[in-house]
There are 2 protein chains.
Amino acid sequence: MTTGQGSAAEMPEELARALAGAEARCLRAGAQLTELRRQVLALVLEAEQPLGAYALLDRLKAQRPGAAPPTVYRALDFLLEQGLIHKVERLNAFVGCVEAGYDHGGGHDHHHPHQFLICRDCGVTVEISDPAVAHALADAAARVGFRVGNATVEVEGFCAACATRPPEAAGA
Amino acid sequence: MTTGQGSAAEMPEELARALAGAEARCLRAGAQLTELRRQVLALVLEAEQPLGAYALLDRLKAQRPGAAPPTVYRALDFLLEQGLIHKVERLNAFVGCVEAGYDHGGGHDHHHPHQFLICRDCGVTVEISDPAVAHALADAAARVGFRVGNATVEVEGFCAACATRPPEAAGA
DNA sequence: GGGGTTCAGTTACTATATAACACGCGGCGG
DNA sequence: CCGCCGCGTGTTATATAGTAACTGAACCCC
Ligand SMILES: [Zn+2]
Ligand SMILES: [Zn+2]
Ligand SMILES: [Zn+2]
Ligand SMILES: [Zn+2]
């Protein structure tokens, strides 16, 4: 062991912990993390990049042959509601929330300010949660009398790995 | 006159100026603001809220009966390219850029950092361009070695008008 | 006139998301 | 026991958003 493959098919350790945390969180919220919802959450968490609803649907069908679009969309709605996943609007895709694993005592469950950095080159998408960004945004909004709710902040650019690499290694 | 109706059907004054500015801008960029593109731009600018591609298509058909999805999407792509409009990702809709009217001498045409404030209640969408937000974002990204390109920043919340109003004036 | 480029017309299609109705289950009051 | 209701899900159909691929016209250059 000591890893090696790093394959996505198995790594129950971390996944199991995340699912347990999600369960606890739902309990506190009085919501039911049903089998279907757990399956969809697991699919999202297993993936290393954001997955579209139909990609999730395809994978879900392996476990649940009758699955259809509403099946996965309803589960996604629930998971979004619970703050267990986020939607990346620019990609029409879904990712697990990096903070969902932590079991915050009894405090604020639910949505937290977050930002996505999306690499134009390799597609890697990382979630950050920078208070300064949230604050600057709230500030700017307040200046025009706007009361801030949820914010979508998604930056396209080049990740550290791709930024150092020569911009074009391919082509003519 | 002296206004009154404030109807959307006519207000050629401001619209004409914006179109002229757009034309100048395209000239400088070596791009052609063709009839079709001008029509689509006018439709976007006339609207008081973001319009989806198919809503634009419907309106465009009045002037151009043969119009089909590619017709409007190609025009939108061009206008986005030129920085004359923006896409609101959360709405899958398009709005005119508030800065597109200004004829910046010969300087930076093209994309500028911007943010949208979208009222959950009345749907009004306003574009702001707060340097502090852009800076905070660039800062946060740099901290993880990410090189920032285009940023999508869209805040859902309540506009000044709707925030002061009692949250629920309707219902039982 | 040949050959490029750019723009637009047209057809067909893929991808994303939701509406609407039906069923099963568990709880609860009659 | 039975009808009812809320909820999660199955199932079918449809709405909305976006693209691919081919065609031809106009223009420019040589
Ligand atoms: Zn998160
Ligand atoms: Zn990268
Ligand atoms: Zn703008
Ligand atoms: Zn409002």
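Chain identifiers are assigned alphabetically (A, B, ...) following the order of the sequence lines, protein sequences preceding nucleic acid strands; residue numbering begins at 1 within each chain.
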Margin query: I need the CZ-P distance between B:R64 and C:dA8, as an integer number of Å.
Written below: 7 Å
Check: Can you tell me if the side-chain N/O atoms of A:Y73 get under 4.0 Å from OP1 or OP2 in C:dA17?
Finding: yes
Note to self: I need the CZ-C1' distance between B:R90 and C:dT16, as an integer number of Å.
What the structure shows: 17 Å
Next item on the list: Please determine if a side-chain N or O atom of B:Q32 lies less than 4.0 Å away from the OP1 or OP2 oxygen of C:dT6.
Entry: no
Next item on the list: Rounded to the nearest angstrom, tell me the gap between atom CG in A:L76 and atom P in C:dA17.
Entry: 9 Å
Margin query: From CD of B:Q63 over to C1' of C:dA8, roughly how many Å is that when rounded to an integer?
Written below: 16 Å
Next item on the list: Round to the nearest Å and state the distance from A:L57 atom CG to C:dT16 atom P.
Entry: 11 Å
Next item on the list: Please state whether the rings of A:H114 and A:H86 are parallel, tilted or perpendicular, taking 30° and 60° as the class boundaries.
Entry: parallel
Note to self: Without decimals, in angstroms, what is the distance between A:L56 CG and C:dT16 P?
What the structure shows: 11 Å
Next item on the list: Please check the phosphate of C:dA8 (OP1 and OP2 only) for any side-chain N or O of B:T34 closer than 4.0 Å.
Entry: yes
Next item on the list: Select from B:A31 and A:Y54 the residue whose nearest nucleotide in DNA chain C is closer to the 5' end of that strand.
Entry: B:A31
Next item on the list: State, with a plain yes or no, whether a side-chain heavy atom of B:C26 is found less than 4.5 Å away from one of B:L84.
Entry: yes
Check: So, is A:R74 close to the C:dA17 phosphate, meaning a side-chain N or O under 4.0 Å from OP1 or OP2?
Finding: no
Notebook entry, point to check: Of A:Q32, A:R28, A:R38, which is the lone residue that meets side chain to side chain donor-acceptor pair (under 3.5 Å) with A:E23?
Noted result: A:R38
Item checked: First-last contacting nucleotides on DNA chain D - partner chain B, under 4.0 angstrom, heavy atom -> D:dA17 to D:dA21
Next item on the list: Calculate the interatomic distance between B:D77 atom CG and C:dA8 atom C1'; express it in whole Å.
Entry: 14 Å
